[in-house]
Amino acid sequence: MCTAISFNASHHFFGRNLDLDYTFNQEVVITPKNYPFNFKNGQSITQHYAMIGMAVISNDYPLYFDATNDQGLSVAGLNYPKNAYYAPSTNAPNEIASFELIPYLLTQCKTVEEVKSKLKNAIITNQPFSPEFPNSPLHWMVSDKDSSLTIESDKDGLHLYDNPVGVLTNNPPFPMQLFNLNNYRHLSPKTYDTLFSETLHLDSYSNGMGGMGLPGDLSSMSRFVRACYTKETCLTFQCVPKDINQFFHILGSVEQTKGLCDVGEEHYEYTIYSSCCDTTTGSYYYKTYDNSQLNVVHLANESLDTQTLLSYPLVTEPAIHHIN
């Protein structure tokens, strides 16, 4: 399970939690402008926008979990089990293999509106990358600084949903997640006078009682509500370091601790990494489960007019600053 958010403050920020019970030994990967992509539909792109994000490199190919291009457009793929449907390939020119969707969009698009146009008649297909990396059942969130889009490929076709909250988790389908927010319209950072009774005195015995009813479990629907509420009500500071810190606090409100989500056979889902890309500068910040220090890789600090992938192994060992 996972959570992705888009957040406007001093800059535009995009990132996610990756929640799984195992790791792929993923790295921060930069794809330069001249790296060749040969897509399954026969289209070849040898010059394109550069991108940075979290990926696994297999056979010199970047399998991205999330990424941002040098135009400020971002995409993240999140688990969507039992709902995702990918069609068999017929070798049509409008097909996109599911594992290709992130680079397919980020190499060619600058905005969400361009993504909508690019996917207008598209079909997501079930062609796997390799036996080692079979298809993952995913849906995707795409964001620029102005808007967000949810992409879901279901049995009844490909759906492009405007995403007014800039949040995505997992099941159920996005329209149900969005409608469910109606059940929490009473939530507030303020504690209001009681409406329970005109005659019975009920004391506001604690700060924060306006948020009573906010779900605290780890289910995807509850995390969607909690992430939306936290993002909508939290402060912004118009200061990049403080807003990046705030972004990670939003993700922290829905992170998973080892031991709380048992998936069987002594495996536990946990937040493997949390990321935040400053899409204005192309700087990719992350922290891992065992290392809560923020680490950053800067897209602008590398030569991007090349063909060779650049990768940066994650810092996973605990880092403790000793004061005395």
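Hydrogens, waters and symmetry mates play no part in the numbers below; they use all other heavy atoms, side chains included.
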Looking only at heavy atoms, what is the nearest atom pair of [X] and [Y], with distance?
X	Y	value
F14	S6	CD1-CB, 4.2 Å
K118	C109	CB-SG, 4.1 Å
S148	S143	OG-OG, 2.7 Å

Item to complete: Apply side chain to side chain donor-acceptor pair (under 3.5 Å) to N17 and T3, showing your working.
Response: CA-CA 5 Å; N17 287 341; T3 305; 5.0 Å; no
Item to complete: Ignoring hydrogens and angles, tell me if any N or O in the side chain of N291 forms a donor-acceptor pair with the backbone of E317 under 3.5 Å.
Response: yes
Side chains of [X] and [Y]: do they bring a donor and an acceptor to under 3.5 Å?
X	Y	answer
Y284	N295	no
S10	D243	yes
S283	T281	yes
N163	T150	yes
Q177	T169	yes
E95	T90	yes
N38	S44	yes
H12	T280	no
T111	D144	no
S130	E132	no
S74	T68	yes

Aromatic plane relationship, [Y] with [X] - under 30° parallel, 30 to 60° tilted, over 60° perpendicular:
X	Y	result
F37	Y35	perpendicular
F129	F99	perpendicular
H159	Y161	parallel

Fill in: side chain to side chain donor-acceptor pair (under 3.5 Å) between S303 and T306, worked out
CA-CA 7 Å; S303 175; T306 66; 5.5 Å; no
Worksheet item: Does NZ or CZ of K258 lie under 6.0 Å from the centre of the six-membered ring of Y268, at an angle within 45° of the ring axis?
Response: no
Fill in: Ion pair R226/D217, N-O distance below 4.0 Å
no
Item to complete: Not counting sequence neighbours, list each pair that qualifies as a side-chain hydrogen bond (donor to acceptor under 3.5 Å, both in side chains) and has a residue in residues 75-85.
Response: Y80-E152, Y80-D154, N83-N171
Discussion item. Taking the ring centre of each residue, are Y289 and Y273 less than 6.0 Å apart?
Written reply: no
